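Report on one structure; see the data block that follows.
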Amino acid sequence: MLALLGFAIILIFLILIISKKVSVIVALVLTPVIIALIAGFKPLEIGQYSLEGIKQVAPTGILLMFAVLYFATMLDAGLFDPVISFIIRSVKGDPLKVILGTAILSMIVHLDGDGTATFMIVLSAFLPIYKALKINKLVLPGIVAMSVGPIHLVPWSGTSARALSVLQTDSVHLFTPNLPAIGAGILWVLFVAWYWGMRERKKLGVIDFKYNHKEELTAEQKELRRPKLILINAILTVLLIISLMEGWIPAPVLFVIASMMVLQINYPKLADQKKVLRSHGNNIFLVSSLIFAAGIFSGILNGSGMIDAMATSLVQLIPDEQSNFLPVLAAITSMPASLLFTPDAYYFGVLPVLAESATQLNMDTIQMGRAALLGQMTVGFPLSPLTASTFLLIGLAEVELGDHQRHTFLWAWGTTIVMAIVAVLTGSLSV
């Protein structure tokens, strides 16, 4: 019964947001609350589950709130202006070069395994270019989302860390055998970038691009630019990213401190600070509110036991005669599973069940971890409504979640399928 309720919540939520019947934030909160009430859960229980979910996402909410403020301040101050100008000169109005460049830069930046930083850095640099060239606005978040997928398998990402801890293994056994599959995934993403780029080039042509970033700035934007502080801002940003990668300071605290520092350094006048805060307040509210709404969503699913019941029911669906295909099946379904399960729910709830099933079938349990990582909250996380950074991505790109999912889902799933095929061919997964 709990499993059915859980699947009903997920299905209704997906229908609501894809059909645009209600906003994402309303669907995230009301869908699980109403279903839980109908199922007989007491209001106090639902409240406790929700509060627990909010507590779990609170650090992420604080992180994204102040991270958005930090990079928005850097954008206002003009830190990325030289980068944007260089890219514009390099691509010369060719949509194909722009999209391929987006993919390559996203992969490089994402080597730190942090989707939040990648989305903010890449979109801050490329969004003005996509707007100027009139490229389909869904291409930017789509190609960025796909580009970070294969790279997110790195052992230091939060997703891989979960798998390593659950299976009690090391990166040599979990990550290294997947390297050929990761390489294949990267090639697939570059192919998609080339295909999308050719499509946009055919539609738009190679534009005689006379776009001058400085000349296109509004009077208010020019007033906020701080060209003399570019070097200081660049040094601070590099130190911020290094600190983020090394974990010297907890990320939420790091961004709170860093955002206040750059706000004071670039805009020491109170009136200017208020102007910056007001101009980005709407975006900050949308991102942070969606994160806390997602906390209620996942909190109710986890606290009520629906997640565990859903995981068990999924495993029981596998016929005995097809049990040898369990690793491949887990790999192929891992990407769509990102829409159903949070990383904690999958890796701490579903993966142990899959690993135990593999043990009973005399299979290498670590295969299940390799299979899961080919899609579950790696390729799938920038499309999942259960991931806070997804809302940051679509918020910065100024697109709707349903549109983003429809445009990118099948192409992203193709990444997982390609990686799964190569994993089988290279022995990372067995059949």
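Residue indices begin at 1 and follow the sequence shown. Note that the structure is predicted; figures quoted are calculated from it, not measured.
With sequence neighbours excluded, the residues forming a ring-ring contact (aromatic ring centres under 6.0 Å, His included) with Phe297 are Phe13, listed by chain and number. Residues that satisfy the ring-ring contact (aromatic ring centres under 6.0 Å, His included) test with Tyr267, not counting sequence neighbours, are absent from this structure. Scanning for ring-ring contact (aromatic ring centres under 6.0 Å, His included) contacts around His404 gives an empty result, with sequence neighbours left out. Scanning for ring-ring contact (aromatic ring centres under 6.0 Å, His included) contacts around Phe285 gives an empty result, with sequence neighbours left out.
Atom NZ of Lys203 has more than 12 neighbouring heavy atoms from other residues, nucleotides or ligands inside a 6.0 Å radius.
Within the 3.5 Å criterion, the main-chain N or O of Leu153 finds a donor-acceptor partner in the side chain of Ser160.
The aromatic rings of Trp188 and Phe191 lie tilted to each other, with the angle between the two planes from 30° to 60°. The aromatic rings of Trp196 and Trp411 stand perpendicular to each other, their planes meeting at an angle above 60°, with 30° marking the opposite boundary. Between His152 and Phe381, the two ring planes are tilted [angle within 30° to 60°].
Pairs passing the side chain to side chain donor-acceptor pair (under 3.5 Å) check and including a residue from residues 387-397, sequence neighbours excluded, do not occur. Residues in residues 43-65 take part in no salt bridge (Lys or Arg N to Asp or Glu O under 4.0 Å) pair, two or more places apart or across chains.
Summarising the geometry of Gly6 relative to Leu301, their closest heavy-atom pair is CA-CD2, 4.2 Å, with the distance given to 0.1 Å.
Taking CG from Leu383 and OG1 from Thr408, the interatomic distance works out to 6.0 Å, rounded to the nearest 0.5 Å.
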